[in-house]
Protein chains: 2
Amino acid sequence: MGVTKTDQFTKKQNAMALILKSLGHPARVSIVEYLTKVDSCICGDIVDELPLAQPTVSQHLKELKNAGVIKGSIEGNAICYCIDEQTIETLHAYLANILNQLKNKTTNCC
Amino acid sequence: MGVTKTDQFTKKQNAMALILKSLGHPARVSIVEYLTKVDSCICGDIVDELPLAQPTVSQHLKELKNAGVIKGSIEGNAICYCIDEQTIETLHAYLANILNQLKNKTTNCC
DNA sequence: ATTCTTTATCGTAATATTGCAATATAATAA
DNA sequence: TTATTATATTGCAATATTACGATAAAGAAT
């Protein structure tokens with residue numbers, strides 16, 4: 001069908017999947033890396049940096065924003081985007097928890 | 001188009017995106033959580049656990065395996081799937097690095 | 001007021017994803 | 001050999017994603 005059975009999974013699972021999915025595209029990985037490195041974060045700079053057309057970049061930014069990975073604030077004429085550290089921390093902690101559980105396991109078949 | 005401009009980004013960016021994308025679906029998040037908790041990891045158990053048909057689960061497992069998030073080993077008649085800790089560690093370290101860089105930033109506009 | 005600059009939205013084409021029934025494959029059991 | 005069990009693959013319908021040209025919207029500059 002192409003439609004995800006969202007209701008069959010927990011809110012947390014859907015929330016994590018949303019964040020992970022938003023990061024699951026090289027352009028969006030690239031945007032996050034750029035915003036991590038750079039000090040100013042004007043939207044136009046991101047467009048210039050990426051090998052994609054402006055509407056495409058705008059769409060990717062929207063998706064990252066929707067997942068809470070970035071946030072934007074109006075800066076006069078332009079818009080300033082930057083990473084929402086909290087969301088990255090949430091994801092980081094989630095993975096740390098998984099790694100922790102794995103290390104405490106007695107058996108490991110594979 | 002619907003086709004990602006993979007060649008326009010670095011290998012690392014594409015590799016990270018592949019891992020993140022494979023985790024970007026609640027069913028696959030659910031599989032990873034299940035494999036983290038459980039001690040044995042027979043494919044059939046995963047199918048029983050998930051609210052999806054066997055072919056659908058098989059497809060999700062294939063995607064996780066392709067991204068290196070899980071690995072499978074033949075266990076007689078059945079197949080034993082479990083998490084590839086290294087891949088999770090790679091992702092974990094990647095995020096740690098981003099968080100580190102963010103914390104060392106002087107300015108933060110948003 | 002008009003133009004310029006910056007970003008978002010719309011419309012659309014190409015491709016990818018999700019999900020499942022049907023079927024194939026492969027190993028074990030009878 | 002013939003079932004049985006466990007998993008993968010195929011084929012297909014429904015929906016989602018990716019990308020971009022055209023255009024809209026909104027503030028800044030002239």
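Here is how names work: the chains are called A, B, and so on, in the same order as the sequence lines, proteins then strands, and each is numbered from 1.
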> Tell me the ring pair (Phe, Tyr, Trp, His ring centres under 6.0 Å) pairs involving residues 74-94 of chain A, sequence neighbours left out?
Replying inline: His92(A)-His92(B)

> Which part of the nucleic acid, if any, lies within reach of Thr4(B) when heavy atoms closer than 4.0 Å are counted: base, sugar-phosphate only, or nothing?
Replying inline: sugar-phosphate

>> Just the rounded figure in Å: distance from C1' of dC20(D) to CG of Leu61(A).
In response: 16 Å

> Within this structure, what is the CD-to-P distance between Glu63(B) and dT17(D), rounded to whole angstrom?
Replying inline: 13 Å

> So, is Tyr81(A) near the phosphate of dA8(C), with a side-chain N or O under 4.0 Å from OP1 or OP2?
Replying inline: yes

> Listed by chain and number, what are the side-chain contact (heavy atoms from CB on, under 4.5 Å) partners of Gln59(B), not counting sequence neighbours?
Replying inline: none

> If you find the nucleotide of DNA chain C closest to Thr6(A) and the one closest to Cys80(A), which residue's nucleotide is nearer the 5' end?
Replying inline: Cys80(A)

>> Using OP1 and OP2 only, check whether a side-chain N or O of Lys5(A) sits under 4.0 Å from dC20(C).
In response: yes

> So, for Gly72(A) and Ile79(A), which heavy atoms are closest and what is the spacing to 0.1 Å?
Replying inline: CA-CG2, 4.5 Å

>> Please enumerate all residues that pass salt bridge (charged side-chain N to carboxylate O under 4.0 Å, His left out) together with Glu63(B), with sequence neighbours excluded.
In response: Arg28(B)

> Within less than 4.0 Å of OP1 or OP2 of dG19(C), is there a side-chain N or O belonging to His60(B)?
Replying inline: yes

>> Tell me whether Asn14(B) contacts the main-chain N or O of Thr10(B) through its side chain, where contact means a donor paired with an acceptor under 3.5 Å.
In response: yes

> Should the pair Glu89(A)-Lys103(B) be classified as a salt bridge under the 4.0 Å nitrogen-to-oxygen rule?
Replying inline: yes

> Residues from residues 65-79 of chain B sitting under 4.0 Å of DNA chain C, heavy atoms only?
Replying inline: Gly76(B), Asn77(B)

>> What residues from residues 19-57 of chain B pass a heavy-atom cutoff of under 4.0 Å to DNA chain D?
In response: Ile42(B), Cys43(B), Gly44(B), Gln54(B), Pro55(B)

> What pairs of residues pass the ring pair (Phe, Tyr, Trp, His ring centres under 6.0 Å) test when at least one of them lies in residues 38-59 of chain A, not counting sequence neighbours?
Replying inline: none

